[in-house]
Amino acid sequence: MSESRPTLMEDLEQAGRESMPHLLGAIVSAVVSLLVPLAGIVAAYSGYRLTTVMERSWFGLLFAVFGVVSLVSWLVLIWGPHLF
């Protein structure tokens, strides 16, 4: 028989057991990156690390993309006028 895929909550529990710092780092730094865009680096790294722990890679990628978008948008805001 085929194995059933764990639910999202089971997947999050597994990520919490295996890599709690990356799980908390991704969540907290994604929120903080709204105010301090440099925290997007931590969100991107922690989100990437979650893709290796969780079966649902989209969950970690969501945080990674959010962190990168926050950081890049801040850089474009600062350096954009000098580039054009």
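This chain uses plain numbering: 1 for the first residue, then up along the sequence. Hydrogens, waters and symmetry mates play no part in the numbers below; they use all other heavy atoms, side chains included.
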Gap between atom CG of D11 and atom CZ of R5 - 0.5 Å precision: 7.5 Å
CG-CZ distance between L23 and F63, expressed to the nearest 0.5 angstrom: 7.5 Å
Hydrophobic cluster identity match, V72 and L77, side-chain contacts under 4.5 Å: no
Verdict with reasoning, Q14 to E10, per side chain to side chain donor-acceptor pair (under 3.5 Å): CA-CA 6 Å; Q14 176 186 346; E10 292 170 345; over 6 Å; no
Verdict with reasoning, H22 to V53, per side-chain contact (heavy atoms from CB on, under 4.5 Å): CA-CA 10 Å; H22 292 118; V53 176; 6.0 Å; no
Donor-acceptor contact present, side-chain S19 to main-chain A15, <3.5 Å: no
CG on L62 to CZ on F59, rounded to 0.5 Å: 7.0 Å
Report, one line per pair, each donor and acceptor closer than 3.5 Å where one atom sits in a side chain of residues 27-50; sequence neighbours left out.
| residue | atom | partner | partner atom | Å |
| --- | --- | --- | --- | --- |
| S29 | OG | G25 | O | 2.3 |
| S29 | OG | A43 | N | 3.0 |
| S33 | OG | S29 | O | 3.4 |
| S33 | OG | A30 | O | 2.8 |
| S46 | OG | V42 | O | 3.1 |

Spacing of CD belonging to E55 relative to OG belonging to S57, to within rounding of 0.5 Å: 9.5 Å
Spacing of L12 atom CG and M54 atom CE [to the nearest 0.5 Å]: 4.5 Å
